[in-house]
There are 2 protein chains.
Amino acid sequence: MQKNKSEKYYKILDSAGAVFARHGFHKATISQIAAEAGVADGTIYLYFKNKDDILYQIISFKTDLVFNKMHQAVESGKNAEEKLRRLIHCHLEEFQGDQNMAVIFQSEVRYLREIQSQFKDISKMYLDLLSEIIEQGQIEGCMRQDLFVGLVKRFILGAVEGVISTWVSAEGRYDLVSMADPLVDLYMTGLKGE
Amino acid sequence: MQKNKSEKYYKILDSAGAVFARHGFHKATISQIAAEAGVADGTIYLYFKNKDDILYQIISFKTDLVFNKMHQAVESGKNAEEKLRRLIHCHLEEFQGDQNMAVIFQSEVRYLREIQSQFKDISKMYLDLLSEIIEQGQIEGCMRQDLFVGLVKRFILGAVEGVISTWVSAEGRYDLVSMADPLVDLYMTGLKGE
DNA sequence: GTAGACAATGAATTGTTATTCATTTTTGTG
DNA sequence: CACAAAAATGAATAACAATTCATTGTCTAC
């Protein structure tokens, strides 16, 4: 297996992403991935240990990428509400920019967690970011004191994921990012309004 | 294949539910299901067309069951907010009462949708229920006029699913139903508070 | 130009598991 | 108790797809 991440490594990673998104991890075959990448079946094994490893590499790579962006987004916000707004905006933007990743994250992370119990889990990191934002919001006074943070952060993540999931089902035919502000307004103000 | 749903049919359905929840649909084998049900491998095929069919039957059966309960729950509410509260309560109660179903719904519905494009999709039905509730809430005045219903219903479903997902990850070690009221309060009032 | 190293190939191997079906067991009936 | 019909069995089959590896191609340095 090659050590340094060559061009071909990324070509295969990208092709595998497309094939996994199209057929699902379990139904996808090595031959399909090889064909998509324009290499022979055997070549895959010069770059990856096995099929599971391909999934692991894809998700690790994308997780790092997205998580860095999210971190930056949150840091650039002045107050809690702005941090939240930028986080959600970034989340939607990144997923809209890579629909294959969106599908894979939605469908295959559970399986990956099973085969690789210790891997950088994006949900966990996301929830930690949210905890910080909420606690800051409570200090700043723009969020209620009586919030149960453990529930609230799940509530927020679940709702964004739900919105992404619908967008994926619609095969990305509308603009996802424009949902960010209405969504944050819902979080902040609720259905009832002031 | 037997026509009338005998005791053995349900025994196999139930065992398959347990095995699918434990190993995931694709990794689960017919032999495991047969062992769990205490029958021979071949017996499975007297009751089901193939492996896919087992998944389809499980999900259809549970969907009908849960959807009827949800309908009743909504009908018993006097106003929109109470309907919403009862729907969420029912949702959490049913999933808490059948953790295998919770896992399967979370992991395998996407695949099922692929192999059986026209099946009674619980999300769709759920979203329709929510639409009605929200519209009624707007008429009654307990919900804002300027809500984008398409987004709001996704927001609500996503958040409940997120809460269930966390509960499943924690292997059902806490009381899920008690999340219902705090969750609905979040929907209604938001993070900001009055 | 060629020797050796490195990379890629894809046909053959291997392991797995869904599905079948000839046989056996159980059940119900006169 | 026979007898036939129905139900169940599980070993054998068949299909499929991950992985290997002997062979072939490509590149680099001298």
> Is the distance between the ring centroids of B/Y126 and B/F67 less than 6.0 Å?
Replying inline: no
Rounded to whole Å, CG of A/N50 lies from P of D/dT20 at a distance of 9 Å
Determine whether the aromatic ring centres of A/H26 and A/Y111 lie less than 6.0 Å apart. yes
Between CD1 of A/I115 and P of D/dA18 the distance, given in whole Å, is 14 Å
Among D/dA7, D/dT19, C/dT19, the one nearest any side-chain atom of B/K51 is C/dT19
Original post:
Can you find a heavy atom in the side chain of A/L13 that is under 4.5 Å from one in the side chain of A/Y47?
Top reply: no
In whole angstroms, the gap separating P of C/dA12 from CG of A/D41 amounts to 14 Å
When rounded to whole Å, the CG to P distance for the pair A/L55 and D/dA18 reads 13 Å
Discussion item. B/F155 vs A/F155, test: ring pair (Phe, Tyr, Trp, His ring centres under 6.0 Å). Steps then yes/no.
Written reply: CA-CA 9 Å; B/F155 160 84; A/F155 160 83; 5.5 Å; yes
Rounded to whole Å, the CD1-C1' distance (A/I12 to C/dA8) equals 10 Å
Here the residues of residues 20-40 of chain B within 4.0 Å heavy-atom distance, strictly under, of DNA chain C are B/A28, B/T29, B/I30
query = Hey, what's the ring geometry for A/Y10 with A/F61, parallel, tilted or perpendicular (30° and 60° as the breaks)?
reply = tilted
Hey, does the side chain of A/K49 come within less than 4.0 Å of D/dT19's phosphate (OP1/OP2), counting only N and O?
-> no
In short, the helix from C/dG1-D/dC30 to C/dG30-D/dC1 is bent end to end, axes from five pairs each side, to 10°, by 0°
Discussion item. I'd like to know if B/R86 pairs up with B/E82 as an ion pair, taking the criterion as any Lys NZ or Arg NE/NH1/NH2 lying under 4.0 Å from an Asp or Glu carboxylate oxygen.
Written reply: yes
N-O pairing of A/E140 and A/K83 below 4.0 Å: no
In whole angstroms, the gap separating C1' of D/dA17 from CD1 of A/I44 amounts to 13 Å
From CZ of B/F48 across to P of D/dA8 the rounded distance in Å is 12 Å
Quick note, A/L46 side chain, CB onward, closest among C/dA7, D/dA18, D/dA8 is C/dA7
key: N/O donor-acceptor pair under 3.5 Å between B/K51 side chain and B/F25 backbone   = yes
Kindly say if B/Y45 contacts the phosphate of C/dC21, meaning a side-chain N or O under 4.0 Å from OP1 or OP2. no
Whole-Å distance, A/Y47 OH to C/dA7 C1', equals 7 Å
Donor-acceptor pair, distance only, cut-off 3.5 Å: does the side chain of A/Q96 make one with the backbone of A/L176? yes
